[in-house]
2 protein chains.
Amino acid sequence: MAVKSEHIPKATIARLATYIQVLSEFKREGTDVVSSERLAEACSVNSSQIRKDLAYFGEFGVRGVGYYVQELITSIKRSLGIDRAWNCALVGVGNLGRALLRHREFSRKGFIIRGAFDCDPYKIGEVVEGMEIVCSRQLPAKVKELGLEIGVITTPPERAQRAANYLIGAGIKGIINFAPARIAVPKHIHLEYVDFFHYFYAAAFHIRFDDTRD
Amino acid sequence: MAVKSEHIPKATIARLATYIQVLSEFKREGTDVVSSERLAEACSVNSSQIRKDLAYFGEFGVRGVGYYVQELITSIKRSLGIDRAWNCALVGVGNLGRALLRHREFSRKGFIIRGAFDCDPYKIGEVVEGMEIVCSRQLPAKVKELGLEIGVITTPPERAQRAANYLIGAGIKGIINFAPARIAVPKHIHLEYVDFFHYFYAAAFHIRFDDTRD
DNA sequence: AAGAATCTGTTCCAAATTTCACAAATTCCA
DNA sequence: TGGAATTTGTGAAATTTGGAACAGATTCTT
């Protein structure tokens, strides 16, 4: 599935994820066809926003009818590149790492954590959720052996850069960094920062702002 | 701390959180003063972006000098409203809920989970991380008693709306929804959705995109 | 079968956001 | 002390994003 346009806004990608979520709900409820208007309402966005977001990737609707729910889900998934499984490496098996390893939703959504790595000798060899923790030095071998493409960093902040270096050296294509630290990567590596405190900060700011106003 | 401007972009709030993170790193390294240029580089943004983001809230720098690191951290925290503690209620003590309850970083960052709620009779009374799980029906009483302001939803998706209703009825001011479901709230309630699969989708999309190009 | 009704895809315009560029303020150094 | 070197804060330009409006395609109705 090719994209029609050169650059696609980050915000569009984020919304597509929301559309999938809501469309899946529609599907469960037994709705077969949905208009951009109805989908827009459920997603709290403008309906032309939806049509425009989809237009980046192709024409998925039928004029006068709307979008076939299942078909649209499939199209969006293909557009995002999540119509197949992605093999992931998790580096740093602390509290957060363990929580992610236990989180069943990952494999359900097609992100399969196939390797758990740590450089702590006390952790190496331990089995978490049926997966043996392996020394980070084995990353190059394992990345090749298992076809790992996405690296997930869940180390303490001070070890995030080293984890990234291991992953990059091992030939990973993208990194999702849960550690609260900025890291440097070559520009051909796709990097995403995950920090849910951002959401708490935003909430605090807006609530506080409400208070200030009156 | 009053804001100088009416509306502040969501993206600015997100970046301020990043600035704090990087500034804290500078502080640990012993750097006392930093220029917008240097901070910008560490955050991978434009330096006037930083100056403009800060200008929404006030004048924190010294011309010809830069910003005093500690002072700027304090100013940003005050601007965001995180210069004080926020009492939180967590609803839904499943895998994710337990992981968050165990996550020490919350109280370190000033978001203190003071109540854990669930409507499963088997869970009620259980103690997690020193906190007793309480029936969701007790939310109104507990919100008043403990001064809870932010609700954190970590239920399965089908119970997210009910959790939200309980929280809203109990007088909470903001909701952070970790459940993969859209929820409806009155507009005076601030609502944030957290879904880290968004980041995985974005990574998948960009990696796949790279592949497509050559 | 033709006209009304519906709903997408897209163009055009407005609003918001980012970046540039420079005046104003401060420090450094001779 | 005065002029060079910095570096912020900000107005204006450039870019990006979002929304309104409408032509084009499809279905419904009589």
Side-chain angles (χ1 to χ4, degrees), chain A residues 1-19 22-23 26 31-76 79 202, chain B residues 1-19 22-23 26 31-76 79 202:
Chain A
M1 157 61 37
V3 290
K4 281 170 70 181
S5 173
E6 197 60 35
H7 168 78
I8 287 154
K10 215 178 159 65
T12 292
I13 303 294
R15 282 191 298 266
L16 288 177
T18 304
Y19 302 160
V22 171
L23 286 166
F26 280 139
T31 309
D32 288 330
V33 181
V34 75
S35 70
S36 60
E37 195 62 57
R38 196 146 124 54
L39 180 58
E41 206 198 322
C43 299
S44 312
V45 297
N46 186 290
S47 67
S48 30
Q49 181 78 83
I50 291 188
R51 297 198 295 277
K52 188 173 286 185
D53 283 340
L54 297 176
Y56 282 118
F57 297 95
E59 304 192 4
F60 305 130
V62 182
R63 294 176 187 203
V65 180
Y67 300 90
Y68 293 101
V69 173
Q70 177 55 64
E71 208 174 284
L72 186 54
I73 292 174
T74 306
S75 300
I76 296 178
S79 300
Chain B
M1 157 62 39
V3 289
K4 280 172 71 181
S5 173
E6 197 60 34
H7 168 78
I8 286 153
K10 215 178 158 64
T12 292
I13 303 296
R15 280 191 299 266
L16 288 178
T18 303
Y19 302 159
V22 171
L23 286 166
F26 280 139
T31 309
D32 288 331
V33 181
V34 76
S35 70
S36 60
E37 195 61 57
R38 196 145 123 54
L39 180 57
E41 204 197 323
C43 299
S44 312
V45 298
N46 186 292
S47 68
S48 32
Q49 181 79 85
I50 291 189
R51 296 198 297 276
K52 187 147 284 187
D53 282 340
L54 296 176
Y56 282 118
F57 298 95
E59 304 192 4
F60 305 130
V62 183
R63 295 177 189 205
V65 179
Y67 300 90
Y68 293 101
V69 172
Q70 177 55 64
E71 208 174 283
L72 185 54
I73 292 174
T74 306
S75 299
I76 295 178
S79 300

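Numbered from 1 within each chain, the chains take letters A, B, ... in sequence-line order. What's counted below: heavy atoms across the whole structure, side chains too, no hydrogens, waters or symmetry copies. None of the values given here were measured: they were computed from a predicted structure.
Put simply, NZ on B/Lys52 is 11 Å from P on C/dT19, counting in whole angstrom units. Atom-to-atom, CG of B/Leu39 to P of D/dG9 comes out at 12 Å; the value is rounded to the nearest Å. For the pair B/Leu72 CG and D/dT7 C1', the computed distance is 14 Å after rounding to whole Å. One interatomic measurement links the two molecules: OH of B/Tyr68 to P of D/dT8, which rounds to 12 Å at whole-angstrom precision. One atom, OH of B/Tyr56, and another, C1' of D/dG9, lie 14 Å apart when rounded to the nearest Å. Whole-Å rounding puts the B/Phe60 CZ to C/dA25 C1' distance at 18 Å. Going from atom CD of B/Glu37 over to atom P of C/dA21 covers 14 Å, rounded to whole Å. Distance, A/Gln49 CD to C/dA14 C1': 14 Å, rounded to whole Å.
Checking A/Asp53 against A/Val65, the closest nucleotide of DNA chain D that is more toward the 5' end is the one next to A/Asp53. Mapping A/Thr12 and B/Gly64 onto DNA chain D via the closest heavy atom, the residue that lands nearer the 5' end is B/Gly64.
OP1 or OP2 of C/dG9 sits under 4.0 Å from a side-chain N or O of A/Tyr67.
Shown are B/Tyr19, B/Phe60, B/Phe26; of these, the side-chain contact (heavy atoms from CB on, under 4.5 Å) with B/Leu72 is made only by B/Phe60.
The side chain of A/Arg63 lies closest to D/dA23 when the candidates are D/dT7, D/dG18, D/dA23. Proximity note for A/His7 (side chain, C-beta onward) versus C/dA24, C/dC20, D/dT17: the nearest is D/dT17. Nearest to the side-chain atoms of B/Asn46 among the listed nucleotides C/dT8, D/dT10, C/dC20 stands C/dC20.
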Mind running side chain to side chain donor-acceptor pair (under 3.5 Å) on B/Thr74 and B/Gln70 for me, showing each step along the way? CA-CA 6 Å; B/Thr74 306; B/Gln70 177 55 64; 3.1 Å; yes
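Contact of A/Arg51 with C/dG9 (side chain to base): a donor-acceptor pair of N or O atoms is detected under 3.5 Å.
Helix-axis bend for the helix from C/dA1-D/dT30 to C/dA30-D/dT1: the local axis fitted to the five terminal pairs at one end deviates from that at the other end by 0°, rounded to 10°.
When heavy atoms are screened at a 4.0 angstrom cut-off, B/Ser48 is found touching base atoms of the nucleic acid. Within 4.0 Å (heavy atoms only), A/Arg15 reaches sugar-phosphate atoms of the nucleic acid but no base atom.
Contact of the B/Leu54 side chain with the B/Ile76 side chain is registered, since non-hydrogen atoms from C-beta on lie closer than 4.5 Å.
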